[in-house]
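Here's the structure, in structure tokens; my notes come after.
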Number of protein chains: 2
Amino acid sequence: MTRNPNMREAILSAAESLFSTRGFNAVSIRDIALEAGANPGSVTYHFKSKDGLLLEIYKRHCGPMNKRRIELLVAARRVRDVQDRLEAVVRAYVQPAFSSSSDLAGGGARFTRLRAVMSAEGNAVVGRIIAEIFDDTTNAFIEAIEQSLPHLPRRTLVWRSQFLLGALYYTLVNPERVTRLSRGEADGADMAEAIEQLVSATVAALQAPDINGQAAAEPAAKAGARKAPAGSRSRTA
Amino acid sequence: MTRNPNMREAILSAAESLFSTRGFNAVSIRDIALEAGANPGSVTYHFKSKDGLLLEIYKRHCGPMNKRRIELLVAARRVRDVQDRLEAVVRAYVQPAFSSSSDLAGGGARFTRLRAVMSAEGNAVVGRIIAEIFDDTTNAFIEAIEQSLPHLPRRTLVWRSQFLLGALYYTLVNPERVTRLSRGEADGADMAEAIEQLVSATVAALQAPDINGQAAAEPAAKAGARKAPAGSRSRTA
DNA sequence: TTTTCTTTTGTACAGATGTACAAATTATCA
DNA sequence: TGATAATTTGTACATCTGTACAAAAGAAAA
């Protein structure tokens, strides 16, 4: 058989594909080797260990993705209209998670799905990376959102950013659910629609009044001050 | 050692705890037995196999949880005020996922976290259950929401229900992130606050105009018809 | 008590797993 | 070309995995 000139890449890609759908523990090095058309020994040769392979996948994607995010964030911050700016900021966060600008096979969606799965599995190797690499970028976004919605406390924005990331992850992990529940009206794997739906829903969620009974988000949206949530922090009975 | 009169329960509880934090594949039957203070053989005696154990966990929780959801939904549908009704419907969906009314140890949050982890791992055993058991309940909620927001297409409501579930899951899977990013201002493990934040954000998201450039959700919210999302379905550049 | 049923224990086994390593193969460059 | 380095292969090993099953222990009923 002719030798694959980029076996390293093939292994990375195969591992990414398998990890992102089955999780870390359910995939063996032999599975990866088979998928990549490589010998199992070749995997440990290139990446030392299974953990090392996972680490390399992160190293490969984190840089380009967060770089792209910051680029888009800088551009978004320059948008004049308050409403448009907020939307642009959210889009700058979401878009690179779905399609990476880099030419890495599989695009950004596969890597984001992998991150979702790893986070659910509580993967130890990944735990540290997340806090070290991603929190900086996330903070930059929260600050940008804070600028558009200065009346909202940071804690509320953090909660809503949490919901955004959860929605993002779950959409990539379980797109069939959208297709199924919409009875074919929508396709959960349609990334373009996913982005638009996610951005518009998130912008609205961010603009909601604070749970402590604060006025609406922006002067333009005259939703009127609403009462505190009925039965706040107690059962609904 | 004195014999545990409810070893079956102890095993179920231990398995639930371990599966919900480490995932299905990373936990061995021996791990579960150790945690439960049981003999490994005892696990297969009670539940036949590892899959059988997982199945039993689902059987245990699905009924009570969805029963409670439907109870709360029925009550929510009777709320007169449109805004309050929508909020009550969302709360009826969210609340039982956090704290089960049944007296099963660990409450509903642990089981919901388990569901989140299983969904991320793409667990085959669970795959069928989800579609069979949960879709009915979810459809009932979507229809209730449709009634409050009749101008929105079903596909959009499905997308937003997807985001709700994702936000819910991720909050239970990764609460530390909220604590970390808010710099101690908020506690991600505070389920009461999680519910309030999630409900208020979701209600706002549901009321957002449709992505195809439709008017705002309800007459009371005079946000004014907004333009279609800038650069819809294309890159933000 | 004795008998019968239920539960727990301990052991065993076939297969899979991560990893190490020497040998074989292929590429690179003098 | 030949020499050196980089990669791939095949095999081996200790450990862990799910599961089966017989023996032991305990509970329940006679």
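What you are looking at is a predicted structure, and each value in this text was computed from that prediction instead of being measured. Chain A is the first sequence line, chain B the second, and so forth, proteins listed ahead of strands; every chain is numbered from 1.
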Rounded to the nearest angstrom, tell me the gap between atom [atom1] in [X] and atom [atom2] in [N].
{"X": "Asn39(A)", "N": "dA12(D)", "atom1": "CG", "atom2": "P", "answer": "14 Å"}
{"X": "Phe47(A)", "N": "dT7(D)", "atom1": "CZ", "atom2": "P", "answer": "11 Å"}
{"X": "Leu34(B)", "N": "dC16(D)", "atom1": "CG", "atom2": "P", "answer": "13 Å"}
{"X": "Leu53(B)", "N": "dT17(D)", "atom1": "CG", "atom2": "P", "answer": "15 Å"}
{"X": "Ile32(A)", "N": "dT8(D)", "atom1": "CD1", "atom2": "P", "answer": "15 Å"}
{"X": "Met7(A)", "N": "dT8(D)", "atom1": "CE", "atom2": "C1'", "answer": "8 Å"}
{"X": "Leu18(B)", "N": "dG18(D)", "atom1": "CG", "atom2": "P", "answer": "12 Å"}

Working to the nearest 0.5 Å, report the span between CZ of Arg154(A) and CH2 of Trp159(A).
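So the gap between those two atoms works out to 14.0 Å.
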What N/O pairs connect the protein and nucleotides 15-18 of chain C at under 3.5 Å? Give each pair on its own line.
| unit_1 | atom_1 | unit_2 | atom_2 | d |
| --- | --- | --- | --- | --- |
| dG18(C) | OP1 | Lys50(A) | NZ | 2.9 |
| dG18(C) | OP2 | Ile29(A) | N | 2.9 |
| dG18(C) | N7 | Arg30(A) | NH1 | 2.9 |
| dG18(C) | O6 | Arg30(A) | NH2 | 3.0 |

Residue pairs passing the ring pair (Phe, Tyr, Trp, His ring centres under 6.0 Å) test where at least one lies in residues 170-193 of chain B, sequence neighbours excluded:
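Found Tyr169(A)-Tyr170(B).
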Mind pulling the stems DNA chain D is in, i.e. runs of at least three Watson-Crick or G-U pairs, everything under 3.5 Å?
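Correct response: C:2-29 with D:2-29.
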Residues from residues 119-128 of chain A lying under 4.0 Å of DNA chain C - heavy atoms
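Residues of residues 119-128 of chain A under 4.0 Å from DNA chain C: none.
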Are Arg60(A) and Glu9(A) ion-paired here, with the side-chain N under 4.0 Å from a carboxylate O?
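Between Glu9(A) and Arg60(A) there is a salt bridge, with a charged N closer than 4.0 Å to a carboxylate O.
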Determine, for Glu196(B) against Arg91(B), whether the closest basic-nitrogen to carboxylate-oxygen distance falls under 4.0 angstrom.
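Result for this pair is yes, salt bridge flagged.
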Can you list every side-chain hydrogen bond (donor to acceptor under 3.5 Å, both in side chains) pair that touches residues 32-56 of chain B, not counting sequence neighbours?
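Matches after skipping sequence neighbours: Arg8(B)-Glu56(B).
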Under 4.0 Å between a side-chain N/O of Tyr45(B) and OP1 or OP2 of dT7(C), yes or no?
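Indeed, a polar side-chain atom of Tyr45(B) lies that close.
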dT8(C) phosphate, OP1 or OP2, under 4.0 Å from His46(B) side-chain N/O
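For dT8(C), OP1 or OP2 has a side-chain N or O of His46(B) closer than 4.0 Å.
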Side-chain donor-acceptor pair under 3.5 Å between Ser13(A) and Arg110(A), yes or no?
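There is such a pair between these side chains.
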With under 30° as parallel and over 60° as perpendicular, where do the rings of Phe111(B) and His61(B) fit, or are they tilted in between?
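Ring orientation of Phe111(B) relative to His61(B): parallel.
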Determine whether Asp31(A) and Ser28(A) satisfy the following criterion, side-chain hydrogen bond (donor to acceptor under 3.5 Å, both in side chains), listing intermediate values before the conclusion.
CA-CA 5 Å; Asp31(A) 290 336; Ser28(A) 72; 3.2 Å; yes
Would a 4.5 Å heavy-atom cut-off, applied to side chains only, mark Leu168(A) and Leu165(A) as touching?
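They are in contact (side-chain heavy atoms under 4.5 Å apart), so the answer is yes.
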Who pairs with Thr156(A) by side chain to side chain donor-acceptor pair (under 3.5 Å), at least two apart in sequence or on another chain?
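Checked Thr156(A) against side chain to side chain donor-acceptor pair (under 3.5 Å); matches are Asp210(A), Gln197(B).
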Please check if the side chain of Arg113(A) supplies one atom and the backbone of Ser20(A) the other of a donor-acceptor pair under 3.5 Å.
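Yes, Arg113(A) side chain to Ser20(A) backbone: donor-acceptor pair under 3.5 Å.
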